[in-house]
Amino acid sequence: MADNFIEKIIEDDLEAGRVPGNTIVTRFPPEPNGYLHIGHIKSICLNFGLAAKYGGRCHLRLDDTNPAKEDMEYIDSIKSDIRWLGFDWGDNEYYASDYYDQLHEIAIDLIKKGLAYVDSQTPEEVRINRGTLTEPGKNSPDRDRSIEENLRLFKEMGEGKHPEGKYLLRAKLDMASPNINMRDPALYRIKFAEHPRTGNKWCVYPMYDFTHPISDAIEGITHSICTLEFEDHRPAYDWACSIDNIDHAPHQYEFARLNINYLVMSKRKLLQLVNMGIVSGWDDPRMPTISGIRRRGYSPESMKDFVSRVGVAKVESVVDYSLMEFCVREDLNKRARRVMAVLDPIKLVIDNYPEDLTEYFEAENNPEDPTAGKRSLPFTKELYIEREDFMEDPPKGYHRLFIGNEIRLKGAYYVTAVSCEKDSEGKVTVVHCTYDPESKGGETPDGRKVKGTSHWVSAKHAISGEIRLYDKLFKTEYPGADTGNYLDDLNPESLVVIKDAKLEPGLSDAKPGDYLQFMRSGYFTPDYDSTKDHLIFNRTVTLKDSWSKQMAKNK
RNA sequence: UGGGAUGUAGUGUAAUGGUAACACUGCAGAUUCUGGUUCUGCCUUUGGGGGUUCGAAUCCCUCCAUCCCAGCCA
């Protein structure tokens with residue numbers, strides 16, 4: 001069953017016998033000029049998913065035709081990000097630069113056939129003579145240069161005899177075409193940049209419209225899938241596939257790229273955020289890069305689920321950020337180990353609890369997963385609880401701790417608040433309570449109910465940790481929509497650091513990649529910089545919180 | 001204004017001439033040793049106008065709206 005229009009096309013092609021060897025071949029073709037982001041996940045899942053579903057293969061091809069912007073660092077990150085998602089391209093790792101020799105030959109061939117020429121117009125002249133959207137372009141004065149002259153000049157371009165911008169190899173198509181991409185598109189330009197893979201071997205580099213279709217054809221790609229903005233390039237794609245007598249020319253199909261509100265996804269903007277130091281790097285947990293969300297604690301499974309829920313179509317759309325949060329919560333709910341962590345601690349003293357006693361209580365590691373086992377938590381007279389779990393003057397509907405109210409300390413005892421101490425500024429520092437020894441384990445023989453349950457850690461046994469509370473990097477749905485500058489919409493509270501949270505002792509051996517739920521708070525994961533002496537946890541996403549939502553509404 | 005595309009609940013995606021649906025969001029409630037999870041219910045949809053047809057989201061005409069294209073970027 002086809003899940004989207006591309007699968008429908010593939011199934012039709014397969015059924016009609018239009019696919020050589022009945023093996024579909026796709027490719028994921030990133031340009032190594034930045035880190036992969038969430039938008040790429042859609043393309044990766046589509047291309048690798050298609051190959052898996054229809055028993056074909058998917059190539060990884062680095063589209064490295066612009067050495068001025070590309071870098072080895074990006075190539076490495078791209079590969080590790082795809083692997084993290086769980087996809088394997090096997091031996092099918094290719095580079096557009098692998099085809100430079102062939103591409104060069106084809107270009108010479110085109111010149112010999114009179115289908116390409118060397119243009120000596122300045123870039124400015126090329127632009128002006130291209131015409132506009134409504135007016136046709138004008139032929140270059142060099143359009144009818146002799147084949148011999150073209151051959152000589154192209155050779156000299158390749159030999160580094162001319163500066164950048166001096167000459168340009170163009171296809172001889174149609175300067176009057178209503179499709180601007182067909183008005184004698186550039187094939188080769190001079191560039192003296194060092195290429196990450198070919199070094200200084202070349203000083204002419206082929207353009208996308210020339211390189212991409214031919215790379216696809218060389219690799220035997222059957223279905224070349226790209227985003228909507230390349231729709232206009234399809235005639236150029238088909239032209240390039242037609243010049244070399246290819247048996248089974250690949251076809252290009254376009255789908256809508258993934259947009260998500262509250263996020264910026266263009267590589268230009270992401271690079272700017274990195275370069276301006278607004279984030280700590282490409283893998284800052286607030287970045288929508290794959291390495292960023294990995295560090296943030298998102299699971300690959302949740303992201304694959306997310307893009308599959310988004311679907312594939314040709315309508316340009318903006319997906320709700322909340323769908324992504326739903327997906328990560330749903331996955332982490334099933335797999336995250338539950339722990340107790342008090343982010344903003346106040347001391348809770350149980351006045352009638354023995355001074356030197358330590359009891360141990362068993363706690364489930366994950367109520368959603370019985371196989372996750374249990375752990376033992378120490379309990380003493382002095383504990384830490386969350387500051388927001390006690391109020392002197394609670395609003396209606398508050399069923400946490402207040403003077404005279406009884407709550408449960410998760411898995412331990414029922415306690416009733418009796419008094420509190422405050423500092424000179426009126427801030428509560430200590431809450432005093434009494435416990436009911438009969439309620440041991442969190443239930444009483446008389447079966448009475450309490451409405452509130454708080455998490456806690458024993459003050460004596462607690463370990464300290466730094467907590468990084470991440471939130472959206474932008475505070476508006478469409479960053480920059482109002483002012484034209486997306487940087488105006490940065491969320492000043494996208495990162496709030498808690499220096500000294502109180503954590504249950506077992507957290508000392510948590511490692512990056514662990515999925516944790518800090519009970520009643522959110523999902524967290526150890527940061528890469530976390531050490532045994534200085535624990536650091538990143539908040540992936542909060543738990544849904546209907547209480548704070550209700551409070552916000554009543555305001 | 002030339003060319004290329006796209007219009008289905010707030011958001012995303014199905015339904016290919018036969019009862020407009022699923023998920024997320026939102027709202028209400030139940031359950032719960034996480035105000036989490038789970039469960040139940042509710043809200044809201046075919047861009048407009050014509051036409052063809054017993055019957056149109058689907059086919060035709062027309063209008064409207066939105067997006068993309070004038071890099072020697074991809």
Side-chain angles (χ1 to χ4, degrees), chain A residues 3-4 8 29-31 33 63-66 68-70 96 119 121-123 126-128 130-137 164-170 177-183 185-191 204-205 207-209 211-212 226-235 254 256 258 261 267-268 309-327 329-330 333-334 338 340 363-364 367-368 397-400 407-412 414 441-443 449-455 517-522 542-551:
Chain A
D3 287 331
N4 56 57
K8 181 82 174 82
E31 185 192 7
N33 66 345
D63 219 342
D64 54 351
T65 56
N66 186 359
K69 292 186 178 171
E70 295 154 8
D119 197 346
Q121 293 181 104
T122 65
V126 169
R127 184 175 60 75
I128 289 166
R130 187 160 22 232
T132 68
L133 295 178
T134 51
E135 298 156 34
E164 290 185 12
K166 170 89 176 169
Y167 292 114
L168 179 68
L169 184 72
R170 301 176 77 180
S177 171
N179 181 343
I180 288 180
N181 298 300
M182 296 301 275
R183 319 237 262 232
L187 262 24
Y188 263 92
R189 77 287 212 193
I190 300 169
K191 254 184 206 298
V204 288
Y205 291 93
M207 300 287 293
Y208 171 87
D209 276 336
T211 311
H212 203 88
C226 62
T227 45
L228 251 27
E229 68 269 27
F230 292 99
E231 219 152 14
D232 287 344
H233 292 252
R234 200 183 329 130
E254 309 87 12
L258 175 59
N261 54 9
K267 281 197 212 168
R268 199 199 101 241
R309 284 170 187 266
V310 164
V312 178
K314 294 196 70 150
V315 200
E316 295 190 64
S317 55
V318 181
V319 175
D320 271 340
Y321 191 91
S322 64
L323 180 62
M324 191 168 66
E325 291 198 321
F326 167 82
C327 292
R329 285 188 184 116
E330 185 182 56
N333 175 53
K334 282 181 287 191
R338 269 61 170 175
M340 302 231 237
E364 282 181 299
E368 307 293 322
Y398 186 84
H399 49 243
R400 276 113 98 146
I407 63 155
R408 171 170 38 234
L409 294 174
K410 173 108 185 142
Y414 283 12
E443 271 163 351
K449 301 282 187 201
V450 288
K451 281 189 169 172
T453 299
S454 281
H455 58 285
Q517 186 197 94
F518 288 4
M519 295 202 76
R520 303 207 304 133
S521 171
T542 62
L543 252 31
K544 284 214 305 201
D545 186 353
S546 57
W547 170 244
S548 69
K549 200 178 198 172
Q550 193 183 322
M551 286 296 93

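Protein chains get the first letters and strands the later ones, always in sequence-line order, with residue 1 at the start of each.
- Here A/Tyr398 lies in heavy-atom contact (under 4.0 Å) with a base.
- Counting any heavy atom pair closer than 4.0 Å across all strands shown, A/Glu231 reaches sugar-phosphate atoms only and no base atom.
- Taking atom P in both B/G36 and B/C27, the straight-line distance is 13 Å, to the nearest Å.
- Summarising the geometry, the separation between CG on A/Leu409 and P on B/U34 is reported as 13 Å, rounded to the nearest angstrom.
- Side-chain atoms of A/Arg520 lie closest to B/U34 of the nucleotides B/U34, B/U25, B/A14.
- Among pairs with a residue in residues 315-326 of chain A, those fulfilling side-chain hydrogen bond (donor to acceptor under 3.5 Å, both in side chains) read A/Asn261-A/Asp320, at least two apart in sequence or across chains.
- Among the atoms of the strands shown, none is found under 4.0 Å from any heavy atom of A/Glu254.
- Remark: A/Arg520 pairs with A/Asp389 by the salt bridge (Lys or Arg N to Asp or Glu O under 4.0 Å) rule, at least two apart or across chains.
- For the pair A/Ser177 (side chain) and A/Asn179 (backbone), a donor-acceptor distance under 3.5 Å is present.
- Interface remark: the A/Arg338 side chain does form a donor-acceptor pair with the B/U34 base, using a distance-only criterion of under 3.5 Å.
- By the 4.5 Å heavy-atom criterion applied to side chains, A/Pro29 and A/His212 are counted as neighbours.
- Atom P of nucleotide B/A14 and atom NZ of A/Lys8 are separated by 13 Å, given to the nearest angstrom.
- Glycosidic conformation of B/G71: syn, with the torsion inside 90° of 0.
- Counting non-hydrogen atoms under 4.0 angstrom, A/Arg234 reaches nothing in the nucleic acid.
- Spacing between atom CD of A/Glu368 and atom C1' of B/U31 amounts to 14 Å, rounded to whole angstrom units.
- With C1' as the reference atom, B/A74 and B/U58 are 37 Å apart, rounded to whole Å.
- Residues forming a side chain to side chain donor-acceptor pair (under 3.5 Å) with A/Tyr398 (at least two apart in sequence, or on another chain): none.
- When heavy atoms are screened at a 4.0 angstrom cut-off, A/Gly452 is found touching no nucleic acid atom at all.
- Applying the salt bridge (Lys or Arg N to Asp or Glu O under 4.0 Å) test to A/Arg234 and every residue at least two apart in sequence or in another chain returns A/Glu254.
- Remark: A/Arg170 engages A/Asp119 in a side chain to side chain donor-acceptor pair (under 3.5 Å) (not counting sequence neighbours).
- Put simply, the side chain of A/Arg189 gets close to the backbone of A/Tyr205: a donor and an acceptor are under 3.5 Å apart.
- Here B/U11 presents its C1' atom at 14 Å from CE of A/Met324, a figure rounded to the nearest Å.
- Across all strands, A/Pro136 comes closer than 4.0 Å to no nucleic acid atom at all (heavy-atom distances).
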Does the side chain to side chain contact (heavy atoms under 4.5 Å, CB included) test come out yes or no for A/Thr542 and A/Arg329, once each step is laid out?
-> CA-CA 9 Å; A/Thr542 62; A/Arg329 285 188 184 116; 3.4 Å; yes
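- When the C1' atom is compared between B/A30 and B/A65, the two are found 45 Å apart, to the nearest whole Å.
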Evaluate the side chain to side chain contact (heavy atoms under 4.5 Å, CB included) criterion for residues A/Arg130 and A/Ile180: first the C-alpha distance (whole Å), next the side-chain angles of each, then the deciding distance (0.1 Å), finally the verdict.
-> CA-CA 8 Å; A/Arg130 187 160 22 232; A/Ile180 288 180; 3.7 Å; yes
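- Residue A/Val312 is in sugar-phosphate contact alone, with no base atom involved, counting any heavy-atom pair closer than 4.0 Å across all strands shown.
- If you take atom C1' in B/U46 and the same atom in B/A56, they sit 10 Å apart, rounded to whole Å.
- Atom P of B/U25 sits at a distance of 15 Å from the matching atom of B/U40, rounded to the whole Å.
- For A/Glu231, the salt bridge (Lys or Arg N to Asp or Glu O under 4.0 Å) partners are A/Lys314, not counting sequence neighbours.
- The two atoms that bring A/Tyr188 and A/Leu168 nearest to each other are O-CD1, 3.3 Å, heavy atoms only.
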Enumerate all atom pairs, one protein N or O and one N or O from nucleotides 26-30 of chain B, separated by less than 3.5 Å.
unit_1 : atom_1 : unit_2   : atom_2 : d
B/G26  : OP1    : A/Lys549 : NZ     : 2.6
B/C27  : OP2    : A/Lys549 : NZ     : 3.4

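- As rounded to whole Å, 13 Å separates atom P of B/G4 from atom NZ of A/Lys314.
- Atom pair A/Leu323:CG and B/G12:C1' shows a separation of 7 Å (rounding to whole Å applied).
- Here the separation of B/A57 from B/G7, taken at their C1' atoms, is 11 Å to the nearest Å.
- Protein atom CZ of A/Arg183 is 13 Å distant from nucleotide atom C1' of B/G4, rounded to whole Å.
- Only the C1' atoms considered, B/U13 is 13 Å distant from B/U45, to the nearest whole Å.
- Each of B/C24, B/U34, B/U13 was ranked by its minimum atom distance to the side chain of A/Ser322; first place goes to B/C24.
- Scanning for salt bridge (Lys or Arg N to Asp or Glu O under 4.0 Å) contacts around A/Glu330 gives A/Arg309, with sequence neighbours left out.
- The separation between A/Gln550 atom CD and B/G36 atom P is 11 Å, rounded to whole Å.
- OP1 or OP2 of B/U13 has at least one side-chain nitrogen or oxygen of A/Ser317 nearer than 4.0 Å.
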Please list each protein N or O that sits under 3.5 Å from an N or O in nucleotides 41-43 of chain B, with the distance.
none

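- Consecutive pairing runs in RNA chain B reach the stem threshold at B:2-7 with B:64-69, B:10-13 with B:21-24, B:26-30 with B:38-42, B:47-51 with B:59-63, where a stem means at least three Watson-Crick or G-U wobble pairs with distances under 3.5 Å.
- Separation of the C1' atoms belonging to B/G47 and B/U8 is 10 Å when rounded to the nearest angstrom.
- Looking only at distances, no side-chain donor or acceptor of A/Asp63 sits under 3.5 Å from a matching main-chain atom of A/Ala96.
- A 4.5 Å side-chain heavy-atom check between A/Asn33 and A/Glu70 finds at least one atom pair inside the cut-off.
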For nucleotides 67-74 of chain B, read 5' to 3', which letter fits each nucleotide if B means a protein heavy atom sits under 4.0 Å from the base, S means only the sugar-phosphate is that close, and - means neither?
-> BBBBSBSB
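- Nearest heavy atom pair, residue A/Ala68 against residue A/Lys191, reads CB-NZ, 4.3 Å.
- For A/Asn4, whose side chain is taken as the heavy atoms from C-beta onward, the closest listed nucleotide among B/G35, B/U34, B/A14 is B/A14.
- With sequence neighbours excluded, the residues that form a ring-ring contact (aromatic ring centres under 6.0 Å, His included) with A/Phe230 are A/Tyr208, A/His233.
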